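Everything quoted here is computed from the prediction, not taken from an experiment.
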Amino acid sequence: MIEWAGIDTVLLDMDGTLLDLHYDNAFWFDHLPRTWGERRGLDLLSARSVIHNHAEQRRGTLDFYCMSYWSELLELDVAALNEELAHLISVRPQVSEFLLWLGATGKKRVLVTNSHRSGLDFKLARTGLTAWLDEIVCAHDLHLPKEDPLFWPRLQSLHSFDPLRTLLVDDNPHVLRAARDYGVAHVLAVAQPDSRAAPQHLTDLPMLEGFEQLLP
């Protein structure tokens, strides 16, 4: 699938790419609206609708991913609520093998995530991903989400990489298209970010069914 001789840097998303998105979906579509709704006398569907409408208004911005934003808006400690579903956090199959193989072959392994710093640190502590990575980039530190075209030159200026010799693996098609438009030569879209949900079908992006496809 990939001509590895032409790759120096591998940029990797976290939620839905290295980690199963089931945790995040269970939190944002069930646990959070259920908890928030119960405190305001709303049923799950009503609470979910309110939160969904707010999320759609902020989609493509850092607020969409920011626990501080949601905590203030909903008057809840969102970071603390995350811990109640910690048992659902899981590394996708073959991720550790793939990252170890990348390291053994001299490829630079960079986690690039839109996740809020508190959520990022929480998941890194739960999964041990740090041991298999060379660098970790939080989009909040760059003040732009990965969907923004200006994110990519800013990332390159701070974490030097040759776009022509870089692979990005992500589950978000908007992120992948922004990177591709910037000049990242190799992009792969995760076909099934949530192992318990239907796969996504994208006609303009190459799809990755599982990390075993990238191992020799």
Side-chain angles (χ1 to χ4, degrees), residues 1-2 7 9-30 32 52 55-56 58-67 82 85 88-99 102 107 109-117 119-120 122-124 126-127 129 132-133 135-140 142 144-149 151-152 155 163 166-182 184-215:
M1 178 176 284
I2 296 292
I7 302 291
T9 302
V10 182
L11 307 177
L12 298 143
D13 176 49
M14 183 172 68
D15 302 318
T17 300
L18 297 182
L19 304 184
D20 194 327
L21 197 63
H22 174 64
Y23 163 81
D24 300 270
N25 285 341
F27 179 79
W28 290 101
F29 291 106
D30 187 84
L32 176 64
H52 173 78
E56 286 303 305
R58 305 309 300 157
R59 186 177 293 276
T61 73
L62 284 177
D63 285 346
F64 183 85
Y65 305 97
C66 181
M67 288 192 188
N82 265 267
L85 291 189
L88 295 181
I89 298 173
S90 64
V91 179
R92 291 171 62 89
Q94 302 296 312
V95 160
S96 59
E97 292 87 344
F98 175 62
L99 294 177
L102 286 178
K107 311 301 182 187
R109 305 160 296 180
V110 185
L111 177 68
V112 185
T113 178
N114 278 334
S115 175
H116 189 257
R117 174 61 68 175
L120 169 61
F122 171 59
K123 289 174 181 175
L124 291 177
R126 294 287 303 187
T127 61
L129 282 175
W132 307 320
L133 298 164
E135 294 181 17
I136 296 172
V137 178
C138 176
H140 292 260
L142 275 63
L144 287 169
K146 296 186 294 180
E147 297 92 324
D148 193 312
F151 173 87
W152 297 95
L155 176 67
T166 295
L167 165 67
L168 169 65
V169 186
D170 204 298
D171 67 304
N172 187 325
H174 303 292
V175 169
L176 291 159
R177 290 168 189 142
R180 183 181 62 187
D181 291 345
Y182 178 65
V184 175
H186 309 277
V187 297
L188 285 174
V190 176
Q192 191 174 15
D194 181 338
S195 64
R196 305 189 195 184
Q200 58 180 343
H201 300 285
L202 306 170
T203 59
D204 64 323
L205 292 165
M207 306 294 290
L208 179 68
E209 303 292 337
F211 281 95
E212 65 275 2
Q213 291 176 263
L214 299 179
L215 288 166

Euclidean distance, His22 NE2 relative to Ser195 OG, rounded to 0.5 Å: 6.5 Å
Shortest non-hydrogen separation from Ala139 to Asn114 and the atoms involved: CB-OD1, 3.2 Å
Pairwise distance CZ(Phe98) to CG(Leu214) - rounded to 0.5 angstrom: 4.5 Å
Close side-chain approach of Gln200 to Pro173, heavy-atom, < 4.5 Å: yes
Phe64 versus Ala55, closest heavy-atom pair with distance: CD1-O, 3.3 Å
Closest approach of Lys107 to Val10 (non-hydrogen atoms, all atoms of both residues): CB-CG2, 4.4 Å
Heavy-atom pair with the smallest gap, counting every atom of Lys146 and Val112: NZ-O, 2.9 Å
SB check Lys123 Asp24 (cutoff 4.0 Å): yes
Flag side-chain contact, heavy atom, 4.5 Å: Trp152 against Leu11: yes
Minimum side-chain heavy-atom gap Leu12-Leu99 below 4.5 Å: yes
Asp13/Val175 under side chain to side chain contact (heavy atoms under 4.5 Å, CB included): CA gap, chis, key distance, verdict: CA-CA 10 Å; Asp13 176 49; Val175 169; over 6 Å; no
Derivation of the salt bridge (Lys or Arg N to Asp or Glu O under 4.0 Å) call for Arg177 and Asp204: CA-CA 9 Å; Arg177 290 168 189 142; Asp204 64 323; 2.8 Å; yes
Ala189 versus Leu202, closest heavy-atom pair with distance: CB-CD1, 3.8 Å
Side chains of Leu18 and Leu111 in contact at under 4.5 Å (non-hydrogen atoms): yes
Gap separating the CG atom of Leu62 from the CZ atom of Phe151, nearest 0.5 angstrom: 9.0 Å
Donor + acceptor pair across side chains of Asn82, Tyr23 (<3.5 Å): yes
pair Tyr65-Asp15: side-chain heavy atoms closer than 4.5 Å: no
His186 side-chain N/O to Leu168 backbone N/O, donor-acceptor pair under 3.5 Å: no
Nearest-0.5 Å distance that lies between atom CG in Leu88 and atom CG in Leu19: 12.5 Å
Side-chain donor/acceptor of Asp170 to backbone N/O of Leu176, under 3.5 Å: no
Pairwise distance CZ(Arg59) to NE2(His52) - rounded to 0.5 angstrom: 7.0 Å
Closest non-hydrogen atom pair between Val110 and Val137, with its separation: CG1-CG2, 3.9 Å
Point-to-point distance, once rounded to the nearest 0.5 Å, from CG of Leu188 to CZ of Phe211: 9.0 Å
Note, Leu124 side chain near Ile136 side chain (heavy atom, < 4.5 Å): yes
Donor-acceptor under 3.5 Å (Gln192 side chain, Ala197 main chain): yes
Close side-chain approach of His174 to Glu147, heavy-atom, < 4.5 Å: yes
pair Asp171-Asp194: side-chain heavy atoms closer than 4.5 Å: no
